[in-house]
There are 2 protein chains.
Amino acid sequence: MTTSEAQTRSQAAARLRVAVPSVADRVAAELRLQLAEGRLLPGNRLTESTIAEELGVSRNTVREAFAELAAERLVVRHPNRGVFVASLAPGDIHDVYTVRRAIEVSAIRGGGGPERVAAVRAAVEEGKAAAAADDDEALGSANAHFHGAIVALAGSRRLDTIMSQVLAEMRLFFHKATVEADFYRGYLADNEEICAALEAGELDRAGRLLLAYLDRSEEKQTAVHGE
Amino acid sequence: MTTSEAQTRSQAAARLRVAVPSVADRVAAELRLQLAEGRLLPGNRLTESTIAEELGVSRNTVREAFAELAAERLVVRHPNRGVFVASLAPGDIHDVYTVRRAIEVSAIRGGGGPERVAAVRAAVEEGKAAAAADDDEALGSANAHFHGAIVALAGSRRLDTIMSQVLAEMRLFFHKATVEADFYRGYLADNEEICAALEAGELDRAGRLLLAYLDRSEEKQTAVHGE
DNA sequence: AATCGTCGGATTGTTGAACAATCGTCGCAA
DNA sequence: TTGCGACGATTGTTCAACAATCCGACGATT
């Protein structure tokens, strides 16, 4: 026991720290979860003392967690008024899609190695399986995986985190939009076609398809969430 | 005077709020400044109590400032060990340029309105003036303005903040590289050509030029900052 | 002499309490 | 109705304390 522990330690010395997440991180993770599940809705207020008591932590710790979430744009701080679950205005939707267009199209044009392309393919199949099982929840997450895999083609840690933040931000206001069952369903064919083009090495075409997809998706989102 | 102050304020606070930046924000700003000026070098350790005492604030406040800076990747937190000024490995340089390629090229391909193009032109002229005045410091910042203006073409708040973070990250390790006087000087012609293509509406050409520029820049950075 | 365990100092992580500053609201007066 | 001031609640910030953890030094064993 002690031996394996010591081994683990010495191995992890350089980069891979076996870091126990701090309490603040766990609080942030819990809030992130509630945000993703829609238990906290945009505009909701998060009171420090309430959350501190609910989770059995100090107010200062909650505060640190808020800082994390604010950096991820999941909540907004109104000075002296409190933090609120972020709510996206119509302009923000366009803004988010502008980021997605920049990142995803650039990533897919780079191509990426075979194993990364395989990850995209896996996400496509995951979506098909979810559709077959009629699992809307799984369908949505498969779609997120697909686009995450697209960005991962670039092999950039920074692009990956940016994308994951954008996806988290979108989940925030998808809860309202996803009530209609076949919201993602129409995108399955798109994903398949994009993936096929990617596998065939037709990067330019894949890029154009993806761009068109994003434009349509933005349009739909704007309409649904619309003002 | 009052005008510029008001502008700065309205930028900082999302709403029209006359929001006095919190103490934590001011601490973060101070540290950001020291980082940009090279008074804090990559790898340096930032001790909470020391900074708290130096700036006359509480340790908790310093802690919040650290959270901000960590979210911006300017510092890294080693759990239970402290926070250190971020240092970029060769891989990180490529990573940063991957983000820049995605964002800048996408933005320039979108074109943008005349006033935004004019901002790009202004940055080019600013660079020329700095070169004429032989002011290397101003030259570097003019170059940053140029690329910031490029991204601003897209008119996306999120892209703007991402870009500013990337630029801040780059400043971190530029202090070593910029010792040679004409580091940016060679880029003046590039900027002029890119700007001209943009003004002529030749967006595709502008995109290609920018891409080539970024590739060369990455190559040079990697060489200088060597392995 | 070299390696290993252990101890102690220093720093971080977290808590709890306190206080000032600020905001929203409610009631009251004109 | 409109304005105004006081109250209550919440945030912003500080302080002091303690546990947890890490680093380096010291000493013991081989």
Side-chain angles (χ1 to χ4, degrees), chain A residues 1-31 40 43-71 74-87, chain B residues 9 12-31 40 43-71 74-87:
Chain A
M1 275 303 204
T2 46
T3 323
S4 77
E5 279 180 14
Q7 272 185 352
T8 308
R9 287 230 166 146
S10 58
Q11 280 179 355
R15 277 269 171 179
L16 294 183
R17 275 243 171 255
V18 187
V20 166
S22 82
V23 176
D25 288 336
R26 272 177 291 170
V27 170
E30 169 63 23
L31 292 177
L40 291 173
N44 276 10
R45 181 175 181 180
L46 300 181
T47 311
E48 294 182 354
S49 44
T50 302
I51 294 181
E53 191 179 352
E54 276 180 7
L55 300 183
V57 299
S58 167
R59 208 163 63 96
N60 285 356
T61 303
V62 174
R63 201 153 236 283
E64 277 202 45
F66 281 171
E68 268 189 54
L69 298 177
L74 294 183
V75 303
V76 294
R77 290 190 100 131
H78 287 236
N80 289 317
R81 297 206 32 204
V83 314
F84 300 80
V85 179
S87 57
Chain B
R9 285 231 168 139
R15 315 270 181 198
L16 280 306
R17 279 260 170 258
V18 195
V20 163
S22 83
V23 177
D25 288 336
R26 273 177 290 168
V27 171
E30 169 63 23
L31 292 177
L40 291 173
N44 275 10
R45 179 175 184 180
L46 302 180
T47 310
E48 293 182 356
S49 44
T50 303
I51 294 180
E53 190 179 353
E54 277 179 7
L55 300 182
V57 300
S58 167
R59 231 186 71 191
N60 287 31
T61 303
V62 174
R63 201 154 237 280
E64 277 201 46
F66 281 171
E68 267 189 54
L69 299 176
L74 294 181
V75 304
V76 293
R77 290 189 97 130
H78 287 234
N80 290 316
R81 298 209 27 206
V83 315
F84 301 80
V85 179
S87 57

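In what follows, every heavy atom counts, from backbone to side chain, and hydrogens, waters and symmetry copies are set aside. Predicted model only: the values in this text are computed from it and were never measured. Quick note on labels: first sequence line is chain A, next is B, and so on, each numbered from 1.
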Rounded distance (nearest 0.5 Å) linking atom CZ of Arg63(B) with atom CZ of Arg63(A) | 13.5 Å

Nearest 0.5 Å please: distance from the CG atom of Leu69(A) over to the CG atom of Leu46(A).
-> 8.5 Å

When Watson-Crick pairs (N1 to N3 and N6-O4 or O6-N4) and G-U wobble pairs (N1-O2 and O6-N3) count only below 3.5 Å on both distances, what is the dot-bracket string of DNA chain D, with | for other-strand pairs?
-> ||||||||||||||||||||||||||||||

Side-chain donor-acceptor pairs under 3.5 Å in residues 49-59 of chain B, sequence neighbours left out?
unit_1, atom_1, unit_2, atom_2, d
Ser58(B), OG, Asn60(B), N, 3.2
Arg59(B), NE, Glu48(B), OE1, 3.1

Kindly state each residue pair satisfying salt bridge (charged side-chain N to carboxylate O under 4.0 Å, His left out) with at least one member in residues 21-30 of chain A, sequence neighbours excluded.
-> none

Enumerate the protein-to-nucleotides 7-13 of chain D contacts in which both atoms are nitrogen or oxygen and the separation is below 3.5 Å.
unit_1, atom_1, unit_2, atom_2, d
dT10(D), O3', Arg45(A), NH2, 3.1
dT11(D), OP1, Glu48(A), N, 3.3
dG12(D), OP1, Asn80(A), N, 3.4
dG12(D), OP2, Arg63(A), NH2, 2.1
dG12(D), O5', Arg63(A), NH2, 3.1
dG12(D), O6, Arg59(A), NH2, 2.8
dT13(D), OP1, Val23(B), N, 2.5
dT13(D), O4, Arg59(A), NH2, 3.2

To the nearest 0.5 Å, tell me how far Thr47(A) OG1 sits from Phe84(A) CZ.
-> 8.5 Å

Listed partners of Ala67(A) passing side-chain contact (heavy atoms from CB on, under 4.5 Å), at least two apart | Arg77(A), Ala67(B)

Which residues pass the side-chain contact (heavy atoms from CB on, under 4.5 Å) test with Asn80(A), sequence neighbours left out?
-> none

